[in-house]
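Notes for the one structure printed next.
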Amino acid sequence: MPDGIDHAGGLGVGAPAAALVLEQLITLGATRFVTVGTAAALSPDLLPGTLVVCREALRDEGVSRHYLPPTASIRPSPDLTDHLVRTIRATRVPARSGPTWTTDAPYRETEAEVSQYGASGVLTADMEAAAVFAVAAYRAVHAAAVFAAADTLVNRRPHDTGTTQRALRAALPAAFSALLAASTAPPGPVGYASRQ
């Protein structure tokens, strides 16, 4: 890819694996990252295969606290996220943007948590975004994230995997376009701490 942009995949699941990969890529000189993956829907109207650009991640995992002081949530790079939203809109895949709940315990989400987060507008549950944004903030690089809705925690049913795969295939070139268009300048103080 031009400008040293490449794609990495199959490197592990969860916040620790994502942080490890980011740290290694940053050491090699990378300054912009878009994670593309799947997440569980927390909203009954989030249909299978819908792309969700993450605007904020609730910090319910263990990695981010090793990088930043405690806050309830963290935000991605605004410039890179805005570029990602624009490139995703150019695809024919349904898309939304909003918060995610990053958790280390994918089998321990309670009905009360799912209901509470869904009611407050949190769209998805994932395992990496808060850690990725924390590492990026600490290392002064840009990071954004986009998810394809792969299953739902509302009624605990899987979605159609074909629809999810099509959404992921649309998200990858959009992510590359956003990486190429976004600023290469180091991010300033990005309001990473969102909710206290």
Side-chain angles (χ1 to χ4, degrees), residues 11-22 34-78 81 84-85 88 93-138 143-165 167-168 171 190-196:
L11 302 170
V13 175
L20 174 70
V21 171
L22 239 66
V34 175
T35 62
V36 178
T38 59
L42 298 181
S43 171
D45 67 341
L46 190 59
L47 300 176
T50 301
L51 291 176
V52 177
V53 176
C54 184
R55 291 280 187 182
E56 179 179 13
L58 304 182
R59 295 171 67 186
D60 196 18
E61 41 60 67
V63 172
S64 65
R65 76 183 87 181
H66 294 283
Y67 287 86
L68 298 175
T71 57
S73 66
I74 185 168
R75 294 183 187 271
S77 162
T81 300
L84 184 58
V85 167
I88 292 288
V93 175
R96 294 173 64 179
S97 65
T100 193
W101 166 32
T102 304
T103 177
D104 283 337
Y107 295 104
R108 299 295 296 160
E109 305 105 334
T110 67
E111 287 183 25
E113 288 172 316
V114 170
S115 177
Q116 173 193 345
Y117 290 137
S120 68
V122 179
L123 297 177
T124 56
D126 82 295
M127 295 179 66
E128 296 89 12
V132 167
F133 301 160
V135 172
Y138 183 78
V146 59
F147 313 115
D151 57 357
T152 178
L153 293 178
V154 176
N155 58 19
R156 305 281 176 171
R157 293 190 183 169
H159 284 161
D160 171 44
T161 56
T163 305
T164 301
Q165 290 301 316
L168 288 170
V190 176
Y192 282 102
S194 300
R195 299 181 194 188
Q196 296 300 320

Report yes if some heavy atom in the side chain of V13 is under 4.5 Å from a heavy atom in the side chain of E128; otherwise report no.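 Result yes, sub-4.5 Å side-chain heavy-atom pair found.
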Determine the minimum heavy-atom distance between [X] and [Y], stating which atoms define it.
| X | Y | answer |
| --- | --- | --- |
| A130 | T102 | N-OG1, 3.1 Å |
| G49 | A167 | O-CB, 3.0 Å |
| V52 | G98 | CG1-N, 4.4 Å |
| A125 | L42 | N-CG, 4.0 Å |
| A18 | V132 | CB-CG2, 3.8 Å |
| S43 | R96 | OG-NH1, 4.5 Å |

Working to the nearest 0.5 Å, report the span between [atom1] of [X] and [atom2] of [Y].
| X | Y | atom1 | atom2 | value |
| --- | --- | --- | --- | --- |
| D126 | T35 | CG | OG1 | 7.5 Å |
| D60 | E109 | CG | CD | 9.5 Å |
| Y117 | L153 | OH | CG | 12.0 Å |
| T100 | L123 | OG1 | CG | 8.0 Å |

For the backbone of G62 and the side chain of D104, can you confirm whether one donor and one acceptor N or O come within less than 3.5 Å of each other?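 Here the side-chain-to-backbone pair exists.
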Under the 3.5 angstrom rule, does the side chain of E61 hit a backbone N or O of T103 as a donor-acceptor pair?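 No; zero donor-acceptor contacts below 3.5 Å.
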Whether the R55 and T81 side chains hold a donor-acceptor pair (N or O, under 3.5 Å, no angle test) is what I'd like checked.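 No, because no side-chain N or O of R55 sits under 3.5 Å from a partner of the opposite role on T81.
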Should the ring pair Y67 and Y138 be called parallel, tilted or perpendicular, given that the plane angle runs from 0 to 90° and is split at 30 and 60? perpendicular
Qualifying residue, where the test is side-chain contact (heavy atoms from CB on, under 4.5 Å) with V93 and the options are T163, L51, T50, L168: L51
